[in-house]
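Here's the structure, in structure tokens; my notes come after.
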Amino acid sequence: MHTLREALAAAAEQKIALGHFNISDSTQLHAIVDVAQELELPVVLGVSEGERTFLGVPEVAALVASERAQGKAVYLNADHTHSVEGCKEAIDAGFDSVIIDCTKLTEDERIAQTREVVAYANASGRDVMIEGELGYIGTSSKLLDSIPEDVLAAALPSADDAQRFVEETGVTALAPAVGNVHGMLKNQPNPRLHIDLIAEIRAALPHTPLVLHGGSGIEDEDFTGAIKAGMNLVHINTEIRVAYRKGIEAGLAADADEIAPYRYLDHGRDQMKEVVRKRLALFAGKAA
Ligand code: 13P
């Protein structure tokens with residue numbers, strides 16, 4: 001099987017993006033993996049620190065290893081990891097990539113911590129990608145009434161900033177802020193992306209995989225533009241959280257006496273599959 005780096009390079013060559021979906025449990029994992037298999041696409045599963053604590057680091061690594069043993073191209077990412085120790089734990093557990101999230105630290109701290117994680121990954125003997133973030137897009141995969149003030153106030157990085165950051169830290173993937181926001185507005189699409197900025201960053205970093213976080217709520221047209229301009233991987237979380245919850249609520253409402261989790265969770269799984277199918281197909285330029 002290809003490494004994640006190879007899978008992203010292949011996607012870049014085909015001018016498509018891969019999907020990254022967060023999971024909190026095995027129901028979500030199966031929903032995402034089933035759809036990726038159906039569409040014959042590799043897929044990345046992400047676990048934030050909270051999701052990881054709930055699922056268990058060795059447990060989620062074992063679940064993904066079991067999918068891979070069945071020949072499925074499924075990759076595992078340690079999403080938004082705020083400590084060097086957390087990154088090292090994920091690398092030791094066999095994750096394919098780690099995001100060191102130092103967006104709240106000073107520039108010097110950010111560079112020092114990112115370098116430490118890159119060095120640890122390089123010494124692991126495996127091909128582990130280390131992703132850095134530049135700019136600030138908020139923190140939570142939740143429903144939003146409005147765009148958070150601190151996101152509005154944060155400056156977007158320039159292509160020069162992006163190039164310097166990659167050179168100084170040695171990260172092997174970059175998630176730049178390009179108008180994207182974590183979370184999804186309740187009553188309207190999320191803000192438009194700066195497609196020109198993505199193209200400038202791509203031109204400055206022709207070989208670095210670029211990752212679009214905060215995918216929920218972005219309009220299809222912006223996704224297509226962002227992928228054409230150079231994004232290689234798109235993160236979606238809030239949309240599948242919403243679908244999962246709505247599906248479970250419908251499952252419970254359909255039979256007030258139902259107590260078998262696999263029966264009411266199944267409704268949540270079906271609704272998540274719809275979202276994943278629509279997004280993966282769009283990112284890969286396929287019919288859903
Ligand atoms: P959304 O919840 O906005 O889709 O963002 C997900 C994400 O970027 C996780 O890293």
Side-chain angles (χ1 to χ4, degrees), residues 4 8 17-24 28-29 31-32 43-55 60 75-82 86-87 90 95-104 129-148 150-152 154 156 171 173-193 198 209-220 222-223 226-227 231-246 271-272 274-280 282-283:
L4 176 57
L8 286 170
L18 303 185
H20 169 295
F21 301 91
N22 289 71
I23 58 168
S24 298
Q28 293 188 296
L29 179 147
I32 296 158
V43 73
V44 186
L45 301 174
V47 276
S48 67
E49 286 173 335
E51 289 159 346
R52 228 176 296 174
T53 304
F54 188 75
L55 250 171
V60 68
Y75 301 95
L76 183 59
N77 173 46
D79 209 8
H80 299 284
T81 308
H82 297 88
C87 293
F95 283 50
D96 299 285
S97 62
V98 170
I99 301 179
I100 169 83
D101 185 338
C102 306
T103 44
K104 294 262 167 147
M129 297 188 75
I130 303 299
E131 181 180 324
E133 290 199 73
L134 206 52
Y136 179 69
I137 66 160
T139 52
S140 294
S141 287
K142 61 183 181 189
L143 292 169
L144 303 168
D145 291 313
S146 59
I147 303 297
D150 55 356
V151 173
L152 289 173
L156 298 182
V171 290
L174 182 71
V178 291
N180 45 333
V181 182
H182 274 136
M184 180 162 78
L185 285 171
K186 282 182 188 159
N187 300 314
Q188 53 179 306
N190 275 30
R192 302 302 304 258
L193 299 178
I198 299 171
L210 295 180
V211 185
L212 181 65
H213 282 242
S216 297
I218 292 178
E219 288 182 280
D220 287 5
D222 266 10
F223 275 130
I227 293 165
M231 284 292 176
N232 308 116
L233 180 66
V234 181
H235 282 219
I236 302 276
N237 193 1
T238 310
E239 286 182 2
I240 55 170
R241 286 182 169 183
V242 170
Y244 195 23
R245 176 166 167 164
K246 281 191 178 157
Q271 295 221 9
M272 273 189 291
E274 291 299 306
V275 173
V276 174
R277 191 174 291 113
K278 205 170 125 242
R279 287 314 193 192
L280 275 184
L282 179 75
F283 303 157

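Read the numbers this way: they start at 1 and go in the same order the structure lists the ligands and their atoms. What's counted below: heavy atoms across the whole structure, side chains too, no hydrogens, waters or symmetry copies. We count residues from 1, following the sequence as given.
- Heavy atoms of His80 approach ligand 1 to within less than 4.0 angstrom.
- How far NE2 of His235 is from OG of Ser216: 11.5 Å, rounded to the nearest 0.5 Å.
- In this structure a side-chain-to-backbone donor-acceptor pair under 3.5 Å is missing from Glu133 to Pro176.
- Close approach to Asn22 involves these atoms of ligand 1, each under 4.0 Å from a residue heavy atom: 9 (C).
- No more than 12 heavy-atom neighbours from other residues, nucleotides or ligands sit within 6.0 angstrom of CZ on Arg245.
- Using modelled atom types, one finds a donor on one side chain and an acceptor on the other under 3.5 Å when comparing Arg52 with Thr81.
- The atoms of ligand 1 that sit less than 4.0 Å from any heavy atom of Ser141 are 1 (P), 2 (O), 5 (O), 6 (C).
- Heavy-atom proximity to Asp79, at under 4.0 Å, picks out these atoms of ligand 1: 9 (C), 10 (O).
- Nearest protein neighbour of atom 4 (O) of ligand 1, counting heavy atoms only, is Ser216 OG, 2.6 Å.
- An N or O contact shorter than 3.5 Å links His182 to ligand 1 by distance.
- Residues Gly19 and Val43 approach most closely at O-CG2, 3.6 Å, considering heavy atoms.
- A donor atom on one side chain and an acceptor atom on the other are found under 3.5 Å apart for Asn237 and Glu51.
- The aromatic rings of His182 and His213 sit perpendicular to each other, their planes meeting at more than 60°, with 30° as the lower class boundary.
- Any N or O atom pair closer than 3.5 Å counts here, and Gly214 shares at least one such pair with ligand 1.
- Set against the non-hydrogen atoms of His213, the atoms of ligand 1 under 4.0 Å away are 8 (O), 10 (O).
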**Message:** Under the criterion side-chain hydrogen bond (donor to acceptor under 3.5 Å, both in side chains), I'd like the reasoning laid out for His82 against Glu49: C-alpha separation, chi angles, the key distance, then a yes or no.
**Reply:** CA-CA 8 Å; His82 297 88; Glu49 286 173 335; 2.9 Å; yes
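- Using a 4.0 angstrom heavy-atom cutoff, Gly183 counts as in contact with ligand 1.
- Only the backbone of Val181 comes within 4.0 Å of ligand 1, judged by heavy-atom distances.
- For ligand 1, the atoms lying closer than 4.0 Å to a non-hydrogen atom of Thr238 are 1 (P), 2 (O), 3 (O), 4 (O).
- Atoms of ligand 1 lying under 4.0 Å from at least one heavy atom of Asn237, given by number and element, are 1 (P), 2 (O), 4 (O), 6 (C).
- The N/O atoms of Ile236, backbone and side chain alike, include none that comes under 3.5 Å of an N/O atom in ligand 1.
- When only modelled atom types and interatomic distance are considered, Asn180 and Asn190 share no side-chain donor-acceptor pair under 3.5 Å.
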